[in-house]
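In what follows, a structure is listed as structure tokens, so that the remarks can point back to it.
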There are 2 protein chains.
Amino acid sequence: MDHTNIAPEQRPQHNGAPPAPARRAHRYERPKVAVDTVLFVVDGGRLKTYLVQLKSGPLRGKWAFPGGLVRVGEMLDDAARRQLLSTTGLECAYLEQLFTFGDPSRDPRAHVVSVAYMALISDPARVAVPSHKYAAGGWYEVPGQLPPLAYDHALIADYALSRLKAKLAYTNIAAFVLPKSFTFKELEDLYAAILGRSLDRRNFRRRIAAMGLLKKLPVKRYGPHRPAGLYSFRKQTLQVVQML
Amino acid sequence: MDHTNIAPEQRPQHNGAPPAPARRAHRYERPKVAVDTVLFVVDGGRLKTYLVQLKSGPLRGKWAFPGGLVRVGEMLDDAARRQLLSTTGLECAYLEQLFTFGDPSRDPRAHVVSVAYMALISDPARVAVPSHKYAAGGWYEVPGQLPPLAYDHALIADYALSRLKAKLAYTNIAAFVLPKSFTFKELEDLYAAILGRSLDRRNFRRRIAAMGLLKKLPVKRYGPHRPAGLYSFRKQTLQVVQML
DNA sequence: ATCCGGATGTGTCAACTTGACACAAAGGGT
DNA sequence: ACCCTTTGTGTCAAGTTGACACATCCGGAT
């Protein structure tokens, strides 16, 4: 996230005072709205997320998720997509709002309310072209050591991962990270990578079958061992299975 | 929600054009941030929510959840509490962020991004003193016929109710709607009112007991019939029970 | 042609959970 | 003493979950 265009006179006063009424500011002064997006990809059985390194400002050198200010007239989702595209060159297959972080001190420069998003891309062309707006950009394995994060992005990272884990259980969200067709083993490895633990193959197949979201394709993938049946998701839009 | 102090030149252009870049606005023009809170109470076995009627503006006469613009330097939660207090005179026992609605056309006057909250009060003094900022205010049963809602508040209402229902299943969120001590029947009626269906008494007791969030008090409530044992929640903060 | 290696694909059983269901107990009121 | 109404409790069948082992299939090597 890089909140450019923040006028210096709009900095909030964070002088250690208790929750001040914060009304000494100009009458029309208001918090700004940003979006920050946690972009996930599964690469080689590892779950990874994209971070950019800030080039300037008090947080120079710290890392952050792609994001930026929302424009007037712009949908929040569109802002997230726009920032993602301009920062990484990637168009996400899935985008979901997570939570809104509004602590006035989360950004030392100004009061910026940030709507956090989670995005998924189906692996193929993950050629993230580093934006010139940032010092660097790259994929980091998660859960794992991330570089020092700016703002409250460590919170956002935790939140995104837990949401992603939860959604695996009752949606076809995996459809957005996998290619059109895939083997059961690939699906299992995806779940294992995201959940951070291995799964029992038989029980996993039973569970997935019970969800009824898969379609068995009449082809197999041949390799040096027994061929694996190929599957695809029935729907390419998010499906939620009932589980009262 | 009443977004006062919105300068007229800050209206977005909604002229039917496709998702326009929306950049003809002034460089420093940005969406505003508001909070809107769905306040729930259970009264006489009925779930109700508080609405205010707008006094002026293009949506005059429509009803809305209490809310308003966030100030610079203010936490989102604090903004929600402040609006709730100034609108109803009530302090909520529980407050939870739901979702952020950012459609630029949700408010015809300006682009206002609204962070929706759900709040609960433990019934006693629900003497909502109507604020002079609104034409009227009152409790409406939900689910049920609500008056015509402004903005996208019908969406928010649905979202809040479904979140509340879901949380009953795996948290002690009921603690914030009930008095300190209560009978099992009162708890059951609360669940029934919120879920909108009756529950089997024996199965309900089994489930609640399994959650392990209740404490049996050594007193009983005497009435015209068999006395009922009194219970209280062990913790008065939100507890989430594991259910993988 | 046969064998081997390694990944794919399948069934059972015990433990637990869920939903349906009926009757006894405890008071106050008459 | 009896009645009325509400509270409080157990069982059983059906379904679900987690643990567990072995046969199948193909390519490649012998």
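Just so we're on the same page: letters track the sequence lines, and every chain starts at 1.
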Between the protein and nucleotides 9-13 of chain C, list every N/O to N/O distance that falls short of 3.5 Å.
from   : atom 1 : to       : atom 2 : distance (Å)
C:dG9  : OP1    : A:Gly229 : N      : 2.6
C:dG9  : OP2    : A:Arg205 : NH1    : 3.2
C:dG9  : N7     : A:Arg201 : NH1    : 2.2
C:dG9  : O6     : A:Arg201 : NH1    : 3.1
C:dG9  : O6     : A:Arg201 : NH2    : 3.3
C:dT12 : O4     : A:Arg206 : NH2    : 3.4

For this session: Please examine the side chains of B:Leu54 and B:Tyr134, heavy atoms only from C-beta on, and report whether any two atoms are closer than 4.5 Å.
Result: yes
Distance check needed: [N] [atom2] versus [X] [atom1], whole Å only.
X	N	atom1	atom2	result
A:Tyr170	D:dT16	OH	P	20 Å
B:Asp189	D:dT6	CG	P	11 Å
B:Arg197	C:dA20	CZ	C1'	14 Å
A:Met211	D:dT17	CE	C1'	14 Å
A:Arg207	D:dG18	CZ	P	7 Å
A:Glu186	C:dA7	CD	P	14 Å

Problem set entry | side-chain contact (heavy atoms from CB on, under 4.5 Å) partners for A:Tyr222, two or more places apart | A:Lys220, A:Pro227
Seminar exercise, completed: Contacts of A:Ser181 meeting side-chain contact (heavy atoms from CB on, under 4.5 Å) (sequence neighbours excluded), chain-then-number -> A:Leu217, A:Leu230
Exercise. In chain order, what residues pass the salt bridge (charged side-chain N to carboxylate O under 4.0 Å, His left out) check against B:Lys62, with sequence neighbours excluded?
Worked result: none
Exercise. Strictly under 6.0 Å, is that where the ring centroids of A:Tyr94 and A:Tyr117 end up?
Worked result: no
Atom pairs, protein N/O to nucleotides 27-30 of chain D N/O, distance under 3.5 Å:
from   : atom 1 : to       : atom 2 : distance (Å)
D:dG27 : O4'    : A:Pro224 : O      : 3.3

Problem set entry | Pairs meeting criterion salt bridge (charged side-chain N to carboxylate O under 4.0 Å, His left out) with involvement of residues 168-193 of chain A, two or more places apart |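 Residue pairs passing salt bridge (charged side-chain N to carboxylate O under 4.0 Å, His left out), neighbours aside: A:Lys185-A:Asp189, A:Glu186-A:Arg221.
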Exercise. Got a salt bridge between B:Asp36 and B:Arg106, using NZ or NE/NH1/NH2 to carboxylate O under 4.0 Å?
Worked result: yes
Exercise. Do A:Glu141 and A:Lys48 sit within salt-bridge range, that is, some charged N less than 4.0 Å from a carboxylate O?
Worked result: no
